[in-house]
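These notes are about the structure you will find just below.
Only heavy atoms go into these numbers, but all of them, side chains included; no hydrogens, no water, no symmetry mates. As the structure lists them, so they are numbered: ligands from 1, and atoms in each ligand from 1. Positions are given from 1 along the sequence.
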Amino acid sequence: MSQLEELLAVWLPRQRWFSGKGIPIRQIRVESRHTLVSAGPEGPDLHVLVIQAGQRGLSSRYQLLLGSRPPRSLPPDLARVAIGVCQVSGGRPKVIYDAAHDAQLTGLLLERFTAPTGAEPSGRVRFRTLPGGRIRVGSTGRILTGEQSNTSLVYGEDYVLKTFRRLWPGTNPDLELNMALSGSPYVARPCGWIEADLAGHSTPTTLAMLQTYIPQATDGWVLATADVRALLEGSGSGHEPGFTGEAAQLGRTTAEVHRSLARALPTDVLTPAGAAEMADAMVERLAMASAEVPELAEHAPRVMEAYADFSEVDEPLPIQRIHGDYHLGQVIRTTPGWVVLDFEGEPTVPVRDRQRLSSPLRDVAGMLRSFDYAAGYLLVGHPGEAGLEWAARSWARHNREAFCRGYADGGGADPEKHLTVLRAFEFDKAVYEVLYEARNRPNWLRVPLESIATAAAAPPVPG
Ligand SMILES: Nc1ncnc2c1ncn2[C@@H]1O[C@H](COP(=O)(O)OP(=O)(O)O)[C@@H](O)[C@H]1O
Ligand SMILES: O=P(O)(O)O[C@H]1O[C@H](CO)[C@@H](O[C@H]2O[C@H](CO)[C@@H](O)[C@H](O)[C@H]2O)[C@H](O)[C@H]1O
């Protein structure tokens with residue numbers, strides 16, 4: 001490995017967005033590097049690197065936005081995000097650092113949208129805007145610090161630039177679906193994107209998406225957990241109305257978004273072979289997760305039964321493009337209503353699988369899991385407190401019911417009439433969450449594990 005690759009091999013596993021945590025990195029290979037911005041001999045320069053991280057015989061692509069400056073001109077506030085000193089693209093060694101924290105570079109990056117053929121001479125990285133759309137420049141990007149799988153920069157109250165970290169060749173579904181829904185009141189309007197030609201791939205790959213920023217909104221997870229917390233502290237609103245009005249409205253919005261996706265993009269009906277294939281994929285994920293998290297294995301037989309019941313359901317299930325990783329952190333509440341973000345799907349799943357048509361009930365199941373999460377997360381600090389457990393679990397039940405009611409009222413398939421399908425999808429999501437938490441937030445692992453244990457102990461859906 002080169003000096004740069006050695007430095008990256010140490011830095012990468014510490015990044016929140018690195019999805020291969022817990023597995024040693026055997027090799028880093030810089031696949032491509034392009035200089036997007038160059039602010040003179042003293043820098044700073046902004047480079048976009050596509051790297052391959054080799055772990056256990058598997059290789060995953062990531063995007064890095066690195067700044068470089070001569071060592072003596074690194075401002076003190078960037079010292080904490082320094083990666084090391086090395087040559088980035090020939091010439092003198094420079095300090096390289098995480099460019100998302102450099103206000104000057106983030107401002108210049110936004111400006112690149114107004115000069116699409118500017119500093120990157122190879123033409124292999126392109127800045128795209130929508131016809132007629134003018135990008136307002138002059139602001140710098142503020143990095144969002146939440147529990148993110150990607151890195152987002154907020155420019156004033158104008159835009160969010162979301163840079164995708166794990167890269168899969170082709171158009172990112174977040175861009176594809178936001179474009180399909182553009183104009184809907186339930187999504188943030190896309191304004192542009194950055195794309196690159198990856199070695200060996202003829203279609204462009206999305207590196208980043210520029211979207212309208214929605215100010216003064218609060219995300220669903222913050223609102224929901226505040227409601228559960230208030231309930232547990234005794235100042236809550238009880239069961240009704242509390243968050244349930246919001247949950248019902250979210251259900252209606254979800255149905256609207258699904259309808260718009262079905263209008264804009266292909267739809268079909270799941271064949272028995274398609275259902276069997278979906279069940280096989282769920283079984284495979286369960287096996288992988290059980291190998292990594294042994295506590296899961298004891299529940300595997302009941303979970304497998306749910307998957308078998310799913311594969312035998314003899315009702316024609318409509319399928320279409322869906323959100324794919326739907327949870328309370330993906331929806332924000334604005335004054336007029338809910339807005340849905342992040343149509344990327346599960347970021348660790350290959351894009352070609354995320355682009356497959358699926359049942360919108362998968363998204364319903366994702367959100368139902370999220371109500372359980374909000375309750376389960378707040379119970380982590382109160383083990384064995386039966387009263388609190390009961391209160392939090394009833395909170396989840398009421399909000400799940402309200403969301404399903406809203407979804408059916410909004411014109412979606414009535415979840416109550418598809419309990420076998422929902423049970424399988426909820427297990428599959430919870431299994432995904434077990435893997436996600438084991439790799440990213442081991443302290444949260446109990447939350448999906450306990451849901452699986454409870455659901456596995458419950459009798460299967462009659463009929
Ligand atoms: N257009 C937007 N307007 C306002 N806030 C946004 C917007 N896009 C993202 N956010 C905020 O950033 C958070 C993370 O965005 P998201 O697209 O879910 O990224 P990730 O895929 O990294 O999780 C959201 O939960 C939301 O709080
Ligand atoms: O980063 P993304 O939002 O694309 O999604 C990943 O991270 C989520 C956590 O930030 C994770 O969601 C899980 O935790 C949420 C609470 O933090 C909870 O609301 C979700 O229901 C639960 O699945 C998501 O699974 C993962 O893909």
Side-chain angles (χ1 to χ4, degrees), residues 15-19 21 63 100 141-166 172-175 177-178 181-182 186-191 206 208-225 228 250 323-334 338-349 354 362-378 380 396 399-400 403 425-426 428-441 443-448 451-452:
Q15 305 315 302
R16 169 66 180 86
W17 43 261
F18 177 61
S19 60
K21 291 195 191 72
Q63 170 182 204
R142 169 176 61 84
I143 189 167
L144 283 181
T145 52
E147 298 275 346
Q148 278 200 261
S149 305
N150 297 291
T151 299
S152 296
L153 296 168
V154 177
Y155 288 89
E157 293 213 332
D158 292 335
Y159 307 111
V160 179
L161 179 68
K162 175 171 173 180
T163 58
F164 298 108
R165 290 304 196 164
R166 179 96 187 256
N172 190 292
D174 205 4
L175 175 64
L177 298 199
N178 269 298
L181 293 168
S182 188
Y186 307 116
V187 298
R189 195 170 52 82
C191 310
T206 317
M209 176 175 68
L210 188 69
Q211 215 180 13
T212 313
Y213 178 65
I214 300 177
Q216 283 150 21
T218 313
D219 89 47
W221 175 256
V222 170
L223 291 173
T225 47
V228 188
L250 182 58
H323 183 282
D325 189 15
Y326 204 45
H327 60 82
L328 284 162
Q330 312 283 38
V331 291
I332 52 177
R333 181 66 161 93
T334 66
W338 288 100
V339 169
V340 180
L341 301 170
D342 194 2
F343 287 79
E344 193 188 9
E346 293 167 351
T348 51
V349 173
R354 290 186 248 155
R362 242 190 208 284
D363 285 344
V364 171
M367 194 53 79
L368 296 182
R369 288 281 318 119
S370 212
F371 289 119
D372 278 1
Y373 242 78
Y377 160 70
L378 284 160
V380 169
N399 282 287
R400 288 166 59 100
F403 177 81
F425 286 162
E426 275 203 72
D428 188 46
K429 191 71 196 177
V431 167
Y432 165 81
E433 289 164 347
V434 164
L435 269 180
Y436 178 86
E437 301 301 3
R439 291 174 184 175
N440 293 286
R441 308 183 292 195
N443 294 342
W444 293 53
L445 182 56
R446 270 184 61 184
V447 178
S451 297
I452 292 176

Quick one: look at Asn150 and ligand 2, take heavy-atom pairs under 4.0 Å, and tell me if it's side chain, backbone, both or neither.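 Answer for Asn150: neither.
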
For ligand 1 and [X], I'd like to know whether there is a polar contact (N/O to N/O, distance under 3.5 Å).
X: Ser152; answer: no
X: Tyr213; answer: no
X: Ile214; answer: yes
X: Gly329; answer: yes
X: Thr212; answer: yes

Looking at ligand 2, does [X] have a heavy atom less than 4.0 Å from it?
X: Arg441; answer: yes
X: Trp444; answer: yes
X: Glu346; answer: no

Under a 3.5 Å cutoff, is there a donor and acceptor pairing between the side chains of Arg165 and Thr151?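 Yes, because at least one side-chain N or O of Arg165 sits under 3.5 Å from a partner of the opposite role on Thr151.
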
Please identify which atoms of ligand 2 are closer than 4.0 Å to at least one heavy atom of Glu433.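 Checking each atom against Glu433, I get 21 (O), 22 (C), 23 (O).
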
Centroid separation under 6.0 Å, is that true for the rings of Phe164 and Trp17?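 Between Trp17 and Phe164, the centre distance exceeds or equals 6.0 Å.
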
Looking at the rings of Trp444 and Tyr377, which for Trp means the six-membered one, are their centres under 6.0 Å apart?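 Between Tyr377 and Trp444, which both carry aromatic rings, the centre distance is below 6.0 Å.
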
What pairs with Thr212 under side-chain contact (heavy atoms from CB on, under 4.5 Å), at least two apart in sequence or on another chain?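 For Thr212 the side-chain contact (heavy atoms from CB on, under 4.5 Å) partners, ignoring immediate neighbours, are Arg189, Cys191.
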
Would Asp325 count as being in polar contact with ligand 2, using the rule that some N or O on each side must be under 3.5 angstrom apart?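 Min N/O separation from ligand 2 is below 3.5 Å for Asp325.
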
Mark up the atoms of ligand 1 that fall under 4.0 Å of a heavy atom belonging to Ser149, in ascending order.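 Contacts of ligand 1 toward Ser149, numbered from 1: 20 (P), 22 (O), 23 (O).
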
Quick one: which of Tyr436, Tyr373, Phe343 has a heavy atom closest to atom 7 (O) of ligand 2?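 Of the listed residues, Tyr436 has the closest heavy atom.
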
List the atom pairs, donor and acceptor, that lie under 3.5 Å between side-chain atoms in residues 365-373 and the rest of the protein, sequence neighbours left out.
unit_1: Arg369; atom_1: NE; unit_2: Glu433; atom_2: OE1; d: 2.9
unit_1: Arg369; atom_1: NH1; unit_2: Ser451; atom_2: OG; d: 3.1
unit_1: Arg369; atom_1: NH2; unit_2: Glu433; atom_2: OE1; d: 2.7
unit_1: Ser370; atom_1: OG; unit_2: Leu328; atom_2: N; d: 2.9
unit_1: Asp372; atom_1: OD2; unit_2: Arg400; atom_2: NH1; d: 3.4
unit_1: Tyr373; atom_1: OH; unit_2: Glu437; atom_2: OE2; d: 2.7

